[in-house]
Amino acid sequence: MPAPAQTPISKVALAGAIGTTIEWYDFFLYGTAAGIVFDKLFFPRFDSLTGTLLAFATFAIGFVARPLGGVVFGHFGDRVGRKTALIVTMFIMGAGTFLIGLLPTFNSIGIWAPVLLIVLRIVQGIGVGGEWGGAVLMSVEHAPEGRKGYYGSWPQIGVPAGLMLGTGVYALLSSSLSTAQFLDWGWRIAFLLSGALVVIGLYIRLQVYETPAFQAVQEKQDQARIPIVELVRTSKLNLLLGMGTRMAEGIAFNTWGVFAIAYTTGELNVSRTHALIGVMVGAGVCIPMIPVWGAISDRYGRLRIFGLGTVLFGLSAFPAFALFDTGSALVIGGVLVVTLGLFYGAMYGPQAALYAELFPANVRYSGVSCVYQVSGVFASGLTPMILTSLLASGGGRPWLMSVYIVAMSALSLVSVVLIAVLRRRIGAQTPQPVPVLQS
């Protein structure tokens with residue numbers, strides 16, 4: 001029998017990075033727009049704080065839809081294949097983003113404007129909810145032993161790269177157009193650009209073969225009949241602990257990559273362009289750091305490096321917001337370089353391989369998708385709303401937000417420690433391709 005066709009791992013890693021960059025550009029573009037545009041165009045009858053909260057509420061809806069995408073496409077990814085699921089989810093994501101760029105505003109069609117915005121945000125959520133698991137598994141399952149952290153980190157580059165691309169496009173539009181032009185039609189350009197990017201992404205992903213791990217599952221006819229049922233039956237504890245680790249990572253990204261824009265422009269009166277550039281530079285530094293942290297995790301262990309990232313995130317909360325309150329664009333940019341550029345990658349670099357190692361191949365797509373997307377509702381989607389509410393409760397001071405960040409970092413650190421303890425108890429080695437504990 002001939003050996004299954006395989007794609008060189010360097011090509012797989014590059015395809016993963018480019019594909020996820022396009023997906024996350026689409027998804028996070030909405031977060032940037034929610035902080036600076038959507039409150040004015042889709043919720044104009046409310047005061048600034050309430051309008052921002054409502055805009056961030058529609059941002060959160062995308063995260064609520066992500067578990068649905070994770071379950072649906074996790075099923076097809078475990079039954080039919082990683083590649084097929086990836087192609088479909090990219091098309092869904094691109095269509096939702098492109099159509100947002102064509103939406104009439106509240107002043108044109110009234111209440112139907114925010115309703116349609118919510119519908120398309122749900123479409124985005126379903127698309128990215130199904131995409132992430134397949135993207136990281138294409139790299140992890142193609143990677144050789146001993147390099148899974150490094151190659152698994154390449155699709156993770158798409159998050160800061162997508163954020164940098166989205167904020168960069170908005171920074172360019174914001175600086176080159178008047179406020180009236182930007183609010184009238186300029187913001188739409190960034191969404192409509194998604195159409196061309198998706199065509200590029202689809203072409204690239206069509207060049208990559210199915211993963212060896214899934215091909216082996218097919219040869220053995222070992223596909224789970226209903227992957228999500230099998231996953232819950234065998235790996236409940238793995239799911240819960242994985243979700244616990246995710247809290248710090250998701251909150252970190254959405255604090256420094258999304259909420260920071262609204263906080264600095266709305267509360268500190270920093271110019272929109274300077275805030276966008278600060279996030280863009282922080283994300284730019286993060287891009288090369290993610291594979292660096294992934295490679296370090298191959299040498300020193302996923303849990304150690306991920307745990308280090310959670311500690312750095314928690315310890316940096318109070319000093320970071322204190323420095324933000326100086327109102328200096330240069331200082332704020334420096335804080336974002338450290339928190340988003342350096343610290344965040346310690347969690348996000350090893351994450352793909354860490355989660356893949358929690359589940360067997362026949363339910364792995366469903367497993368990593370559920371860990372990432374279900375916890376993402378709380379860790380990512382609700383973060384801007386929670387922080388905005390805590391800011392209001394704290395009288396406009398950031399101390400309650402910092403307390404929340406420290407508490408969630410502690411939760412993630414406890415989850416990391418429990419995974420390590422359970423692995424030692426059953427004599428497992430790290431990294432490993434099997435669940436840490438069968439439940």
Side-chain angles (χ1 to χ4, degrees), residues 28 31-37 39-40 48-49 51-53 55-56 159-161 163-179 182-183 187 251-289 309 311-346 383-384 386-406 409:
F28 289 124
T32 303
I36 61 177
V37 175
D39 60 325
K40 302 173 184 64
S48 178
L49 178 60
T52 300
L53 275 171
F56 277 145
V159 166
L163 178 68
M164 185 180 71
L165 182 60
T167 52
V169 169
Y170 263 137
L172 178 63
L173 292 170
S174 179
S175 61
S176 58
L177 300 174
S178 68
T179 299
F182 182 77
L183 291 175
W187 68 274
I251 291 170
F253 184 83
N254 284 276
T255 297
W256 308 126
V258 177
F259 175 77
I261 297 172
Y263 178 66
T264 54
T265 57
E267 296 295 321
L268 306 179
N269 295 317
V270 175
S271 78
R272 184 172 59 231
T273 300
H274 285 153
L276 290 169
I277 290 174
V279 170
M280 184 176 65
V281 172
V285 173
C286 187
I287 290 172
M289 289 306 301
V311 170
L312 292 172
F313 174 52
L315 292 179
S316 65
F318 279 97
F321 279 115
L323 290 170
F324 263 38
D325 284 354
T326 64
S328 166
L330 187 61
V331 171
I332 290 170
V335 171
L336 291 172
V337 165
V338 173
T339 55
L340 181 60
L342 300 179
F343 293 172
Y344 174 70
T383 293
I386 290 172
L387 295 181
T388 301
S389 298
L390 291 174
L391 181 65
S393 298
R397 304 302 301 160
W399 69 275
L400 279 177
M401 299 190 298
S402 299
V403 169
Y404 176 72
I405 287 171
V406 171
S409 298

So, using side-chain hydrogen bond (donor to acceptor under 3.5 Å, both in side chains) as the criterion, who are the partners of Tyr263 when residues are at least two apart?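 Once residues adjacent in sequence are excluded, the partners of Tyr263 under the side-chain hydrogen bond (donor to acceptor under 3.5 Å, both in side chains) criterion are Asp325.
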Quick one: list whatever passes side-chain hydrogen bond (donor to acceptor under 3.5 Å, both in side chains) with Ser393, sequence neighbours left out. none
Please work out whether the ring planes of Phe321 and Phe259 are parallel, tilted or perpendicular, with thresholds of 30° and 60°.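 Perpendicular: the ring planes of Phe321 and Phe259 meet at over 60°.
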How about Leu173 and Val169: do any of their side-chain heavy atoms sit closer than 4.5 Å?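 The answer is yes; the side chains approach within 4.5 Å.
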Would you mind reporting whether Phe343 and Ser316 have side-chain heavy atoms less than 4.5 Å apart?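 Ser316 reaches Phe343 side chain to side chain.
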Roughly how far, to the nearest 0.5 Å, is CG of Leu340 from CE of Met289?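 Answer rounded to 0.5 Å: 12.0 Å.
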Supply the atom-to-atom distance Ser409 OG to Ile251 CD1, rounded to the nearest 0.5 angstrom. 7.0 Å
May I have the step-by-step check of side chain to side chain contact (heavy atoms under 4.5 Å, CB included) for Phe253 and Thr383, ending in yes or no? CA-CA 9 Å; Phe253 184 83; Thr383 293; over 6 Å; no
Shortest non-hydrogen contact from [X] to [Y]?
{"X": "Gly257", "Y": "Ile261", "value": "O-CD1, 3.8 Å"}
{"X": "Ala317", "Y": "Ser402", "value": "O-OG, 3.7 Å"}
{"X": "Val406", "Y": "Phe318", "value": "CG2-CE1, 4.1 Å"}
{"X": "Ala260", "Y": "Thr264", "value": "O-OG1, 2.7 Å"}

Please enumerate all residues that pass ring-ring contact (aromatic ring centres under 6.0 Å, His included) together with Tyr404, with sequence neighbours excluded. none
In a table with atom names and distances, give each donor-acceptor pair under 3.5 Å that connects a side chain of residues 327-336 to protein atoms at least two apart or in another chain.
unit_1	atom_1	unit_2	atom_2	d
Ser328	OG	Leu330	N	3.4
Ser328	OG	Val331	N	3.2

Side chain to side chain donor-acceptor pair (under 3.5 Å) pairs touching residues 251-261, sequence neighbours excluded, are Asn254-Ser380
Please identify each residue that fulfils side-chain contact (heavy atoms from CB on, under 4.5 Å) with Ser271, with sequence neighbours left out. Thr273, His274
Given Leu391, Ile386, Leu390, the one that forms side chain to side chain contact (heavy atoms under 4.5 Å, CB included) with Leu400: Leu390
Residue pairs involving residues 329-339 (criterion salt bridge (charged side-chain N to carboxylate O under 4.0 Å, His left out); sequence neighbours excluded): none
Atom pairs and distances, donor-acceptor, side-chain atoms in residues 277-284, under 3.5 Å, two or more places apart:
none

